[in-house]
Amino acid sequence: MLTRRQFIATAAALGVLPPAAVRAALASNPFTLGVASGSPRDTSVVLWTRLAPEPLNGGGMPPGDVPVRYQVWADAEARRPVREGEALALARWGHSVHLKLEGLEPGREYFYRFAVGGFETPLARTRTTSRDDRAIKLAIASCQHYETNHYAAFRDMASWTPDCVVHVGDYIYEGAPSPLGARTREMFGRTVDFSVVRQHVGPETVTLWDYRNRYALYRTDPHLQAAHAAAPWVVAMDDHEIDNNWAADVPQDPEKQTPLEFRVRRLAALQAYYEHFPLEHPPLALGTDSSLQMYGRWRFGPALLHLLDTRQFRSDQVCGDGFPGAPACAAMEDPARSLLGPAQEAWLAESLTRSDAAYNVIASQVWFSPLRYNAPPAAPELNMDSWDGYGPARRRLLDVLGRGVAEPVFISGDWHCAAAMTVHEDPLDATTRTLAHEFAGTSIATPCPWAHRVTEARSHNPHVRYVNGDRRGYARFVVEPRQFTAQFRVVEAPQDPASRVATDLEIRTRDF
Ligand code: FE
Ligand code: CA
């Protein structure tokens, strides 16, 4: 396995591009993808940009690394300089810059920009963390299919200036372009209206080239750029960053791709993912074995956030592909099956047990709470891709929470459906003790053709306090020492990038 140092040595071997070659490459603005910051800590944050004068054509940079200037200020007027220097845009990583700024002060804003060859980025905001922050603002985003709607939700999120944005996946979708315009489809027993308002470019993503171009396409959206420029993000992928409903080494459609083809595809997808986010660590690869560190822990004032990776280490889904729910079967009760993998599961249990935070926030790609689609007492029909398909693993985490973890709050995405739920000792029996709350954010842009099935299922799921799969948007949270407030934001006209965005519901954990 290559170490980080060997990776850097490999990159360095390509050498820095000579100034004349840099000038030739930078005939047009290379900052087409904006900037980003992420992985905020008390004294550090990672700043990101990527040079891509031709964003949809592999980036358009020649081989060789390029020095990029950065400047950091303590104020939004760029009057009080804090730091400046040069960072390398590495050809090895698609000419992305990952600059870890260290030695910062806890709990304060910083403003930064990059410049190269006469071009510069707009001034962007980031913020360090502090356990002493009195109140913190977190937003959760997921599922932003580029073709089906615009990103007014991100415009609204940027204007709220969160302390951190948590993205739990489906940042891109892997599919080939769909025809523009409105059409209908028969899905789940009803006619669903769709509209394709803008198109993917290029085929279904398989190669590094494809994935780079797909991230670049999404990142050219001005509202998505604005949300990255407004706050640091912490990110973990779900399934569509590689392929629908993949699990560890297993694609959803093994008849269409061999295990080796899927492993090579996964390697490309992990590399492109790293190239487009301010992550602390690059992916590791040995042959076609690859992994990327995405799960992690961040302390924001009264909240300790655990961001989970429920995709990379999971056991394969069981009980068939029934959608939105499949009948429970014996295989899902196998205690050897895991959603987090043994190392992450042990890390989470230990960290939660030792936490002294007032609120223990657990960000999961998929819903932790159950949702049964049929009436009891029949065996429940459940979404086998979510924690519902991994009962023993869910019970192990509930056992940890039941041993005295303060105010656990799950936040999740994936299902394109907003929900506020209580999590019970026996998750499918709402008369048992409440151990946690869950707030699921709806999708930023992707439709939810099964929304009516969720609405119809509501009476079978008394732990569900609120549910709305009909609207696009996101959820945001204000965490104070004695209060956890959630706001479900909904986009009024998701096909209009200028749409108004409003609060559908504001609710506190103590309200239910
Ligand atoms: Fe999705
Ligand atoms: Ca998903």
Side-chain angles (χ1 to χ4, degrees), residues 140-151 153-154 165-176 178 185 187-188 192 194 196 200 204-205 211 214-215 217-218 221 224 235-248 250-253 265-266 269-270 273 292 294-295 307-314 316-317 321-326 339-340 363-369 371 382-390 410-419 438 440-451 453-454 467-475 491 494:
I140 187 165
S142 66
C143 297
Q144 52 198 56
H145 201 300
Y146 180 86
E147 295 189 310
T148 47
N149 281 305
H150 281 280
Y151 292 162
F154 278 127
V165 175
V166 184
H167 201 290
V168 289
D170 292 358
Y171 189 98
I172 59 161
Y173 283 75
E174 76 278 22
S178 313
R185 235 198 253 168
M187 288 181 90
F188 317 114
V192 178
F194 273 103
V196 173
H200 279 163
E204 177 169 337
T205 52
Y211 282 110
R214 187 58 54 88
Y215 279 102
L217 174 67
Y218 277 57
D221 182 278
L224 180 53
V235 297
M237 66 169 65
D238 192 29
D239 52 334
H240 288 285
E241 282 87 348
I242 300 184
D243 192 15
N244 184 43
N245 282 6
W246 65 281
V250 188
Q252 72 153 353
D253 45 9
R265 181 179 187 177
R266 192 170 91 141
L270 294 186
Y273 190 78
L292 180 62
M294 291 186 280
Y295 69 82
L307 173 60
L308 302 186
D309 177 349
T310 58
R311 197 57 66 175
Q312 205 175 178
F313 309 107
R314 67 158 70 196
D316 197 14
Q317 298 91 341
D321 291 325
F323 195 91
L339 192 57
L340 302 178
S364 168
Q365 286 71 32
V366 291
W367 284 22
F368 188 77
S369 301
L371 194 76
L382 305 167
N383 169 17
M384 293 296 161
D385 187 59
S386 76
W387 283 87
D388 268 341
Y390 300 79
F410 289 89
I411 59 176
S412 54
D414 175 64
W415 209 229
H416 309 176
C417 181
E438 178 163 0
T442 187
S443 52
I444 292 282
T446 320
C448 183
W450 55 91
R453 295 292 311 277
V454 176
V467 70
N468 187 349
D470 292 323
R471 308 298 291 275
R472 314 283 61 87
Y474 68 101
V491 179

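Read the numbers this way: they start at 1 and go in the same order the structure lists the ligands and their atoms. Model, not experiment: these values are computed from the prediction.
In this structure a side-chain-to-backbone donor-acceptor pair under 3.5 Å is missing from N383 to D388. In this structure, R214 contributes its side chain and Y173 its backbone to a donor-acceptor pair below 3.5 Å. One N or O on the side chain of D239 and one on the backbone of N245 form a donor-acceptor pair closer than 3.5 Å.
With waters left out, the protein N, O or S atoms under 3.0 Å from the Ca ion (ligand 2) add up to 4.
Between S178 and the options H200, E147, H145, a side-chain hydrogen bond (donor to acceptor under 3.5 Å, both in side chains) holds for only E147.
With contacts defined as side-chain heavy-atom distances shorter than 4.5 Å, the pair W246/R265 does not qualify. Taking 4.5 Å as the limit, every side-chain heavy atom of V454 sits out of range of all side-chain heavy atoms of H416.
A salt bridge links D385 with R314: the closest approach of a Lys/Arg side-chain nitrogen to an acidic carboxylate oxygen falls below 4.0 angstrom.
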Stepwise side-chain hydrogen bond (donor to acceptor under 3.5 Å, both in side chains) test for Q365 and D414: CA-CA 6 Å; Q365 286 71 32; D414 175 64; over 6 Å; no

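For W415 and F323, the distance between ring centers is under 6.0 angstrom.
For the Fe ion (ligand 1), the neighbouring protein N/O/S atoms at less than 2.8 Å, given as residue and atom, are C143 SG, D170 OD2, Y173 OH, H416 NE2.
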